[in-house]
Amino acid sequence: MHPLLTYLNRIWRYRWLVLVITVLATLGALLYTVSQPITYTARSTLTTASKNRSPDQDAYLAEGYAEYFNQESYQGRIRSLAQVPKEVRLHALTGATSPILYIEATGPDPAIASLVASKVAERFPDDVQDIANASRDEELASIERRIKDNQALLDKLDRDSDQRAVILAEIFSLQQQAKDLRGNTTNQLIDLQRDAGVSARRPSPVLNGLFGLAGGLALGCAAALALAVLRNRIATPDDMQNVLGLPTLAWLDSSRRRSDDQTRAQRLQSLSAVLSLADLPRPATLAITAPRRSSLTSHIAEGIAYYQALQGSRTLLMRADLRGAAAGGASHDGTVAGLLAGASTEPARPIQITVGGAEMLVLPAGVSSTTDPFALFAPAEFDALLRQLSHLADLIVIEAPPVNEAAESQIICAAADRTVLVVEEGITPGRDASRACQSLIQVGASLLGGVLGRPLRTKRHAEPFSTLSVPDTLRSPSAPQSSYLTSPNAEVVVGAGANEGDPSSAPLKSPAASRNGDSA
């Protein structure tokens with residue numbers, strides 16, 4: 001998956017957080033706008049234009065003055081010199097690349113703003129020119145002294161003296177220098193327009209609302225990504241690969257909407273195709289497990305068994321999760337619990353069922369005769385049971401208990417040829433999934449890959465087949481749910497007419513009942 005899609009998926013996972021932050025930011029911007037009063041801005045204009053420089057040099061000088069004026073250190077000085085009230089803000093800016101410098105005063109009262117702008121425009125040029133003026137005045141004083149000295153020397157000379165012409169020329173030159181210094185405005189700010197008018201400014205709710213919306217959206221996306229990292233949930237195939245090092249065999253979206261049944265079916269078919277093309281021995285055993293208990297495990301196991309059987313493979317679905325079996329469930333010898341407990345000396349006789357046109361075998365979990373089901377799963381006994389069942393099917397799909405909650409899951413997965421790890425999208429923490437993988441690797445289980453999906457919304461588990469929506473095969477009154485237990489040779493027919501919200505309503509039918517229903 002492209003990294004951008006990975007980030008978008010994480011953001012979409014926490015879209016509620018993004019929505020809340022965006023709404024709050026937008027409302028905050030609107031409330032701030034409404035609470036702000038009307039402000040008035042008065043502007044005075046100065047210029048640095050000079051005949052001795054080019055226009056671009058004048059523009060650079062104006063920019064320098066504006067930057068100097070806006071410095072915080074100088075703001076205090078000019079405010080003190082011009083006696084600016086606290087509620088009035090000062091700012092200087094230039095007009096594009098022109099030598100014009102604007103002094104702006106902004107405040108709640110238009111008259112005060114206009115007065116402050118004029119006073120600052122008057123004080124600022126004098127203040128910045130103090131040093132330059134002092135140097136100029138000193139040079140003018142020196143020139144005046146030289147002129148007086150030359151005048152005194154000239155008075156002592158005779159009228160016909162040859163030196164008079166030289167002294168007169170020097171006096172004329174000094175007077176010209178003094179005149180140039182007094183008229184030089186090379187680095188001076190010149191008053192262009194003291195009062196350029198006052199403009200009112202009202203905050204725009206639309207503009208501020210858009211800024212709040214954009215800022216809230218950006219902040220919400222950042223918060224969603226941060227939360228995704230902190231929670232460390234596996235939500236994408238990239239997460240599966242990066243955290244667990246496993247390829248994603250299928251990515252299911254098991255939502256509650258019936259319109260998604262077809263999409264889930266297509267993805268389960270794709271998963272079945274991947275397993276068909278995998279390097280599996282025949283007969284093969286495939287364990288389906290998860291880090292923690294999830295209805296998605298049953299859904300994946302049933303889907304693989306159904307679509308493999310639909311393609312003509314002899315398939316057996318083994319319910320090996322004794323901890324997840326209902327308290328009032330089957331306890332006869334034709335179950336995994338009964339066979340492992342040694343309740344029957346006869347060969348295993350799984351239930352034959354027909355589901356949507358596919359025939360398969362199901363071996364129910366049953367109820368453990370011991371307090372801890374782990375006691376039943378001795379490796380030798382479980383291996384012997386798998387060898388016995390391998391004569392009945394080409395593929396045995398084992399619904400194993402969750403790895404992190406049942407130690408017998410390690411024994412089951414170690415005995416299977418391959419193991420598929422089921423991970424709930426956006427729910428399973430990365431540390432739980434990593435712990436499950438390590439537990440399976442420790443016992444030598446061969447991990448084929450992972451399946452990513454959302455859990456099904458089911459009330460309780462119902463055997464032998466409950467989570468898959470398949471076409472109807474028979475439409476006749478269903479037999480009692482216990483009928484498949486009393487007759488091991490009975491055929492169980494499961495249709496999609498059952499209520500998906502309550503898996504226990506799946507219709508179960510024996511051959512005798514089927515014939516009676518057809519004759520009716």
Problem - Salt-bridge criterion met for Asp432 and Arg233 (N-O under 4.0 Å) - result: no
Practice task
Before accepting this row, confirm whether a basic side-chain N of the pair Glu302/Arg319 lies closer than 4.0 Å to the acidic partner's carboxylate O.
Solution key: yes
Evaluate the side-chain proximity of [Y] to [X]: yes if any heavy-atom separation is below 4.5 Å, no if none is.
| X | Y | value |
| --- | --- | --- |
| Thr289 | Val422 | no |
| Leu249 | Leu448 | yes |
| Asp109 | Tyr40 | no |
| Leu90 | Phe69 | yes |

Donor-acceptor pair, [X] side chain versus [Y] backbone, under 3.5 Å?
| X | Y | value |
| --- | --- | --- |
| Arg435 | Pro291 | no |
| Ser294 | Ala290 | no |
| Ser409 | Pro401 | yes |

Problem - Result of checking Leu17, Val23, Ile21 against Leu19 for side-chain contact (heavy atoms from CB on, under 4.5 Å) - result: Val23
Problem - Donor + acceptor pair across side chains of Thr41, Thr106 (<3.5 Å) - result: yes
Handout entry: Donor-acceptor side-chain pairing of Glu399 and Thr297 below 3.5 angstrom
Key = no
Practice task
Could you grab the distance from atom CD of Glu408 to atom CG of Asp321, nearest 0.5 Å is fine?
Solution key: 7.5 Å
Problem - Test side chain to side chain contact (heavy atoms under 4.5 Å, CB included) applied to Val88 and Ile112, step by step - result: CA-CA 8 Å; Val88 178; Ile112 294 178; 3.9 Å; yes
Exercise for the section: Just do the side chain to side chain contact (heavy atoms under 4.5 Å, CB included) check on Lys119 and Gln83 with the steps written out, would you? Expected result: CA-CA 9 Å; Lys119 291 179 63 177; Gln83 297 181 352; 4.1 Å; yes
Exercise for the section: For residues Tyr60 and Tyr65, establish whether the separation of their ring centroids is below 6.0 Å. Expected result: no
Practice task
Please say whether more than 12 non-hydrogen atoms of neighbouring residues, nucleotides or ligands are located less than 6.0 Å from CD in Gln36.
Solution key: yes
